[in-house]
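Beneath this line is the structure, given in structure tokens, with notes to follow.
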Amino acid sequence: MGYFYREILEIVRRKRALHLLVETDMRIADIAAGLGYEEHANFTRAFGRWMQCSPSKFRQLKTSERVSPGLAAPDDAHGMPSPGARL
């Protein structure tokens, strides 16, 4: 079983968001827009589904505490969840 377009899009957005939040000082609204979200709130809601916290809280944890990489670990060695996994 393969992936649907929306699943791939969500995986790519998640990985890019995690990278931008940790590696840049871009505003969260700018990250959201760059990932194709028309509304900042939609990005925040999606991010909450992915990481069970807000983008700002995630950035705060990763930059101030340097939490172990396990928090943002991909689902498998290739960074892709198993087919059929809920995103």
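Small disclaimer: the values here were computed from a predicted structure and weren't measured. Heads up: numbering here begins at 1 and tracks the sequence.
Cluster annotation: L9 and L35 are assigned to distinct hydrophobic clusters (Ile/Leu/Val/Met/Phe/Trp/Tyr, side-chain heavy-atom contacts under 4.5 Å, transitive).
Taking all atoms of both residues into account, the shortest heavy-atom contact from A29 to H40 is CA-CD2, 3.5 Å. Shortest non-hydrogen contact noted between P55 and T44 is CD-CG2, 3.9 Å. The minimum heavy-atom distance between A17 and I31, with the atom names listed, is CA-CG2, 4.5 Å.
One finds the CH2 atom of W50 at 8.0 Å from the CZ atom of R14 (value rounded to the nearest 0.5 Å). In this structure, E7 CD and E10 CD are separated by 9.0 Å, a value rounded to the nearest 0.5 Å.
For the side-chain contact (heavy atoms from CB on, under 4.5 Å) test with K62, the passing option among V22, L21, L18 is V22; the others fail.
Taking the ring pair (Phe, Tyr, Trp, His ring centres under 6.0 Å) definition, one finds that F43 meets it with Y37, F47, sequence neighbours left out.
No side-chain heavy atom of R59 sits less than 4.5 Å from a side-chain heavy atom of D25.
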